[in-house]
Amino acid sequence: MTSNLLIPAFIFFIGALLLLAVRGKAKQILILAVPVIAFFYIARLSPDATLTIPFLQYDLNFLHVDKLSKVFGYIFCIAAFGSFLFALHIEGKLEHLSALVYVGSALGVVFAGDFFSLYIFWEFMAVASVMLIWSRKTKRALDAGYRYVLVHIVGGLVLLAGILLHVHNTGSLTVERIQSHDIASWLILIGFMLNAAVPPLSAWLSDAYPEGTATGSVFLSAFTTKTAVYTMIRVFPGWEILIWLGAFMTIYGIIYAIMENDSRKILAYSIINQVGFMVCGIGIGTTMAINGATAHAFAHIIYKGLLWMAAGSVLYMTGKTKCTDLGGLYKTMPLTLICCCIAAASISAFPLTSGFTTKTMILQAATNQHLTIIYFMLEAASAGVFLHAGIKFPYFVFFAKDKGLRISDPKPNMQWAMVFFACLCIGIGVYPQPLYNILPYPVEYHAYTGLHVVRMLQLLFFSGLAFFVFLKLLKRTETITIDTDWIYRKGSRLVVSVVTGIASGIARLGDYIFVQRIPRYLAAFAKRPIGILMDAYRRANGGKIRASASEPELATTVPAGVSVLFTIGFLFVLAFVFTMLFR
Amino acid sequence: MKKEFDWFDKPGNIKKLRIFSYGILALSVLAEFFVPAHGAQHPWNKIPGFYALFGFVICMVMIIVSKVLGQYWLKKSEDYYDK
């Protein structure tokens, strides 16, 4: 065992600290250098490297290196580099600072060898990334960011509960495959599922990501969901429920993306759709499926980042995101259009693009396991991806009806970032072998057989035909689409009134028992103890009750009663938890 | 001033594009007959043009399902959450 002093996350955290001291050109060099340094650092990490810190009776391992953690480490650094290049022109430091901490935390999760350090970085990610939403500085962004943080904190607590139970049951903190289907495993899985945006726990994504800044959402699209995909690969490979949840996700994302009018919401829903493929692959759990999920995550981060860059460029130049406000931009934004089309082709898995060499591995894994229904759900989703992300998004933004917007391509750094990602999309599509080499298991898969190519082209071309045949049904409307966030956005009002009702009921009850009745008896008892006892004696013998002469009144009634009741309740819960945990 | 690129706004070009697209559609189906199949095939793969048909039909279904769900349930006015 070699003990390292540095973990990849700290490179980003140190970068964040240095950022506070620099400005201008130095700041730009710094944010580009950090991901490059981290990339080469990860490349040089040997599999037996560790960084353990003793904590209570456990050893926390902040550095667990294997092929899986390395491939996610690489792609996170590449995504960070491209995203920082895209955001290079941003003047202030807050967005860069939060992005550095966000990416660093994501890398922290990837290299975490134990659940406790994983959890710490997990929560860091949520808190750091919210600044990328709040920096948009609109009321909608503020509200959406607030909901985003709350949802992730709740999800984090579920994860923490699962981790504590798991550690109690097994005595092990190590992040490793879990096979027992007990309550601890389910809680951990739910925590992961929330970050992977598995419906019905997905609404935070489509609520918050479209409200991020033009550059911030590029970061957001890459890290949170893919970190969750990574942890699921590590902990829950082969869990059958994930096959079905993943397949459902792919379709769910499409149905919503077709309904949406906001171009960035379309992209948000297509993240859910694409992560569905990965979750399904994790559920299948064979070496081919795990390779497929990993490779697809790798390719997805790039083409999805590129799509968000295209949408971000449009937002940056026009301030608009709704399909009903956009159209005809092909005339003046040629580079953005070309890059967008490359990304759209990649997400649709056109041959010679990255989606084709990665996503089809998951489909192949499904056929190998004779999962026919799943296979057809995934094929349907592949067709649907082309429909919404492949055609609908570019069509309504760059073509369709000319809305008279005459804007140019965005700033040079934004253009370079798009070109960088577009080259990677094509590169992985044309020559996937370097990616296959770094996957967790040896790859025995050939994407480019004649039949694969022809069938994929048929599927995609005729999906495209369906788009234009049914264009009337797809006409954009100035609407929003309700998702499960309705429960806490609209339903919350109902919940609030019910909860306040219950709370005030409890308060009144507590007040009645602890402030009015008990002190009254105690006071009366203290005043004339013998008399009270005699009264009780008489009452027991059927005698008449004598009214007490004077009764004390207490001034501060409500708060005292509630807090006493809650304190007693809380102590009971604590006592219960401790006896259960430390028997 | 440089003349704007507006190729896609001309009806004649759109017509050319349409004919080109129909050609591509036909080619993609025809190509299947010239590609050799290896090993055991699933029953549906024996139907020529199966994936073309599947792609078209499934997209039609998804569009209609979205339309119905949106029309009668999920689509709301933009100020829905502000009300």
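Lettering of chains follows the sequences in order, A, B, ..., and the numbering in each one begins at 1.
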With a 4.5 angstrom heavy-atom cut-off, could you sort out which part of [X] is near chain A: side chain, backbone, both or neither?
X: B:Trp44; value: side chain
X: B:Leu53; value: neither
X: B:Asp79; value: neither

Would you say that more than 12 heavy atoms from the other residues, nucleotides or ligands in this model lie under 6.0 Å from the [atom1] of [X], or not?
X: A:Tyr448; atom1: OH; result: yes
X: B:Leu17; atom1: CG; result: yes
X: B:Arg18; atom1: CZ; result: no

Heavy-atom side-chain proximity of [X] to [Y] below 4.5 angstrom:
X: A:Phe468; Y: B:Ser21; value: no
X: A:His388; Y: B:Met62; value: no
X: B:Met60; Y: A:Val469; value: no
X: A:Phe461; Y: B:Val29; value: no
X: B:Phe34; Y: A:Val454; value: no
X: A:Phe376; Y: B:Phe54; value: yes
X: A:Tyr330; Y: B:Asp6; value: yes
X: B:Glu78; Y: A:Thr479; value: no

### Query
Does A:Arg455 make a cation-pi contact with B:Tyr51, if we ask for NZ or CZ under 6.0 Å from the ring centre and within 45° of the axis?
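Judged by the rule (NZ or CZ under 6.0 Å from the ring centre, within 45° of its axis), A:Arg455 is not positioned above B:Tyr51.
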* Asked: Do we get A:Lys490 above B:Tyr80's six-membered ring, with its NZ or CZ under 6.0 Å from the centre and within 45° of the axis?
  -> yes
From [X] atom [atom1] to [Y] atom [atom2], the distance as rounded to the nearest 0.5 Å:
X: B:Cys59; Y: A:Ile391; atom1: SG; atom2: CD1; result: 8.5 Å
X: A:Met259; Y: B:Leu69; atom1: CE; atom2: CG; result: 5.0 Å
X: B:Lys67; Y: A:Lys475; atom1: NZ; atom2: NZ; result: 9.0 Å
X: B:Ile24; Y: A:Leu465; atom1: CD1; atom2: CG; result: 13.0 Å
X: A:Glu379; Y: B:Ile58; atom1: CD; atom2: CD1; result: 10.5 Å
X: A:Ile480; Y: B:Ser77; atom1: CD1; atom2: OG; result: 7.0 Å

Out of [options], which one racks up the most heavy-atom pairs below 4.5 Å with chain B?
options: A:Trp486, A:Tyr256, A:Phe462, A:Phe386; answer: A:Phe462
options: A:Leu457, A:Leu387, A:Thr449, A:Ile254; answer: A:Leu387
options: A:Ile251, A:Ile255, A:Thr481, A:Val453; answer: A:Ile255

Answer with side chain, backbone, both or neither: which region of [X] has an atom nearer than 4.5 Å to a non-hydrogen atom of chain B?
X: A:Tyr375; result: side chain
X: A:Leu474; result: side chain
X: A:Glu260; result: neither
X: A:Asp262; result: neither
X: A:Lys392; result: neither
X: A:Asp143; result: neither
X: A:Ser382; result: neither

With respect to chain A, which residue among B:Phe5, B:Phe8, B:Phe50 yields the maximal number of heavy-atom pairs within a distance under 4.5 Å?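 Ranked by contacts with chain A, first place is B:Phe8.
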_Main chain of B:Ser28, side chain of A:Gln458: is a donor-acceptor contact present, judged purely on distance under 3.5 Å?_
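Side chain of A:Gln458 to backbone of B:Ser28, a donor-acceptor pair under 3.5 Å: yes, one is there.
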- prompt: According to the interplanar angle, ranging from 0 to 90°, do the rings of B:Phe56 and A:Phe470 count as parallel (below 30°), tilted (30 to 60°) or perpendicular (above 60°)?
  reply: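 Ring orientation of B:Phe56 relative to A:Phe470: tilted.
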* Would B:Lys75 and A:Thr477 satisfy side chain to side chain donor-acceptor pair (under 3.5 Å), going step by step from the backbone distance to the final call? -> CA-CA 9 Å; B:Lys75 273 192 185 180; A:Thr477 50; 3.1 Å; yes
